[in-house]
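Reading through the structure tokens given below for one structure.
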There are 2 protein chains.
Amino acid sequence: MITQSEIATENIRDQIIRGEVPPGAHLQENPLSEQLGMSRTPVRTALNTLAQEGLLEYVAKRGYRVKEFTIAEIVDAYNVRATLEGMACRLVAEKGMDRWSRSKLEKCIEDGEAIIQKTGAEITDDNFDGQAWRQMNTTFHQTIIEASENSFLQQQIKQIIFIPVAALFVLADWGSRVNAGNIKRAQVDHINIVDALERRQSARAEARMREHLENTGRVIQDYYENTQETHIEDDQSVA
Amino acid sequence: MITQSEIATENIRDQIIRGEVPPGAHLQENPLSEQLGMSRTPVRTALNTLAQEGLLEYVAKRGYRVKEFTIAEIVDAYNVRATLEGMACRLVAEKGMDRWSRSKLEKCIEDGEAIIQKTGAEITDDNFDGQAWRQMNTTFHQTIIEASENSFLQQQIKQIIFIPVAALFVLADWGSRVNAGNIKRAQVDHINIVDALERRQSARAEARMREHLENTGRVIQDYYENTQETHIEDDQSVA
DNA sequence: AATGTGGAATATGTATTCAATGTTTAATCT
DNA sequence: AGATTAAACATTGAATACATATTCCACATT
């Protein structure tokens, strides 16, 4: 069964991740309960939940405000993710992969290859299938995390997915924000990671995955800094 | 200001960590609100919070029960902690330590040495100052985590501290459960970690810390399995 | 005897009300 | 005019009341 509290939680979380409510905004219970057509009670529960997830900051008697993430914090989070998924790779290499995980990863490699082949030398919005790439990428990482068979690891990594700006790169269509170089490098990374896992080279698998995600973090950082500049320009044009 | 919800959260969390409410127990709102002398509302908030922390399991319309942790899950959590604190060491070694962190760590080494000196060759309940050792140990790890200056890392590691059985080893007097070998090995580990940090050998610092905590995890596992056997014996004697 | 249904009792989910604390505004005093 | 204070207003925290789902037991039926 689905409760009002759960509806409120998902709805408000979505609004935050999509950037519909800006960082730093004060979320008040009455407006939210009106907006969602429910009483304050389930809204309060939702706000408490989201604060625990780290999306909101809470001060007693003053309520909740949307947490502002600095570039540094987002990069920090990505580095933590890099370390944790690196650990997942180490565990998988040590334990050895079962047949199903292995075939799923190999399919990811094939799919990635196909997407790049179809794209050609130059990546544009038209010829690059960002949707398919993201799906392949999610499956790739998820498969390794699950194959690690460490439930804590899975839980910890999940939390990082909810960080607003980082999550945008998963949700939004960032096909136009990547270039051929990044995509091809990511594909090579994936190939090397799977190779290391199959050879059960745990240290190599760990190092490769860590580097792979640290690269992604750098891409996000670059993009973020560029858009920051753009925003400043926008502000100036208004002034 | 301190709210009723916060009081309830801390109180119930304590009861769980101390083992006063057994794993698997169904926590009901009415008895808890009576016990704590407040209405159901703040109790509900507290239960929601603790479920988010991973201490309780929630099923809609059925309420909350205390999560049961298997030995495997506890060891899993400790291994995650080992990896994360290893990362903290790596970051500290890369950035370099400020003077204050450095002196705090060196004081920890001195304190540890003093405790061991005072204890002598054989560790017993009487001559081993478990309280002082735990405090030194907590300071040691906390200092490194804070010096990493990665807020996400700090947040993630905090969650692991709340796991019931693992937390017992921090809270309860486990002086009687350790032997001279473990304590001396831990002290040597600490010395090597600080040495690596001061020489800014990031890979060595990371590896040493990881191994240090994996050892602790193994100690917990051994202890847990021993007490499990004891419990089985108890059960048999009852039958 | 076992299973299934129905209803009472119990527990959770939500709404509403009341209380306490912050915030804002306006008026008064310097 | 500016600052300070008090009062009105708004918002959060907690308690109570109500609605709805689940559990459990009794009873009936196969």
Side-chain angles (χ1 to χ4, degrees), chain A residues 1-17 19-69 162 164, chain B residues 1-17 19-69 162 164:
Chain A
M1 201 239 165
I2 187 119
T3 64
Q4 296 288 79
S5 303
E6 287 167 335
I7 294 171
T9 304
E10 310 234 323
N11 191 308
I12 299 170
R13 187 196 291 127
D14 252 35
Q15 291 190 43
I16 296 168
I17 290 178
E20 291 165 21
V21 287
H26 184 194
L27 291 186
Q28 299 191 145
E29 296 170 5
N30 270 321
L32 281 172
S33 63
E34 256 186 69
Q35 180 193 323
L36 298 172
M38 56 181 73
S39 82
R40 276 175 55 210
T41 308
V43 171
R44 281 182 67 79
T45 307
L47 293 176
N48 180 58
T49 300
L50 295 171
Q52 292 299 322
E53 284 179 6
L55 253 68
L56 301 176
E57 282 173 324
Y58 168 76
V59 179
K61 272 290 179 184
R62 285 188 169 183
Y64 299 83
R65 50 180 62 249
V66 179
K67 176 151 172 52
E68 306 190 61
F69 290 93
F162 282 142
Chain B
M1 199 238 164
I2 188 121
T3 63
Q4 297 289 83
S5 303
E6 288 168 335
I7 294 171
T9 304
E10 309 233 325
N11 192 308
I12 299 171
R13 187 197 291 127
D14 252 37
Q15 291 189 43
I16 297 168
I17 290 178
E20 291 165 21
V21 286
H26 185 191
L27 290 187
Q28 298 192 146
E29 296 168 6
N30 273 319
L32 281 172
S33 64
E34 255 186 70
Q35 181 193 322
L36 298 173
M38 57 181 72
S39 81
R40 275 176 54 210
T41 308
V43 171
R44 281 183 66 78
T45 308
L47 293 175
N48 180 59
T49 300
L50 295 171
Q52 293 299 322
E53 283 180 6
L55 253 67
L56 301 176
E57 284 173 323
Y58 168 76
V59 179
K61 276 286 180 185
R62 286 186 167 185
Y64 299 85
R65 48 180 64 248
V66 180
K67 176 151 171 54
E68 307 191 60
F69 289 93
F162 283 142

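Computed over heavy atoms, backbone and side chain alike; hydrogens, waters and symmetry mates excluded. Lettering follows sequence order; numbering is per chain, from 1.
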| Spacing of Glu29(A) atom CD relative to dT17(C) atom C1', expressed in whole Å | 15 Å
| request: Specify the separation, in whole Å, of atom CD of Glu6(A) and atom P of dT12(C). | output: 15 Å
| said: Should the side chain of Lys61(A) and the base of dT11(D) be counted as holding a donor-acceptor pair, with the cut-off at 3.5 Å? | reply: no
| query | Does OP1 or OP2 of dG13(D) have a side-chain N or O of Gln4(B) closer than 4.0 Å? | reply | no
| said: I need the CD-P distance between Glu34(A) and dT11(D), as an integer number of Å. | reply: 11 Å
| query | Between His26(B) and dT22(D), does any side-chain N or O lie under 4.0 Å from OP1 or OP2? | reply | no
| Does OP1 or OP2 of dG13(D) have a side-chain N or O of Arg44(A) closer than 4.0 Å? | yes
| task | Starting at atom CD1 of Ile7(A), determine the distance to atom P of dG13(C), rounded to an integer number of angstrom. | result | 13 Å
| Roughly how far, to the nearest 0.5 Å, is the CD atom of Gln52(A) from the OG1 atom of Thr49(B)? | 4.5 Å
| Atom OG1 in Thr41(A), atom CZ in Arg44(B): separation rounded to 0.5 Å? | 8.5 Å
| task | Scan Tyr58(B) against the nucleic acid and name what it touches under 4.0 Å (heavy atoms): base, sugar-phosphate only, or nothing. | result | sugar-phosphate
| said: Under 4.0 Å, counting only non-hydrogen atoms across every strand here, what does Arg40(B) touch: a base, just sugar-phosphate, or nothing? | reply: base
| remark: Considering only heavy side-chain atoms of Thr3(A), the closest of dT14(C), dT12(D), dA15(D) is dT14(C)
| request: Report yes if at least one side-chain N or O of Ser39(A) is closer than 4.0 Å to OP1 or OP2 of dT14(C); otherwise report no. | output: no
| task | Any chance you could lay out the side-chain contact (heavy atoms from CB on, under 4.5 Å) test for Thr45(B) and Thr45(A), step after step, and finish with the verdict? | result | CA-CA 7 Å; Thr45(B) 308; Thr45(A) 307; over 6 Å; no
| What nucleic acid atoms does Thr45(A) come within less than 4.0 Å of, heavy atoms only: base, sugar-phosphate, or nothing? | nothing
| request: Indicate whether any N or O donor in one side chain lies under 3.5 Å from an N or O acceptor in the other, for Asn30(B) and Glu34(B). | output: no
| query | Of Thr41(B) and Gln28(B), whose nearest nucleotide on DNA chain C comes first from the 5' end? | reply | Gln28(B)
| Can you tell me how far the CG atom of Asn48(A) sits from the CG atom of Asn48(B), to the nearest 0.5 Å? | 5.0 Å
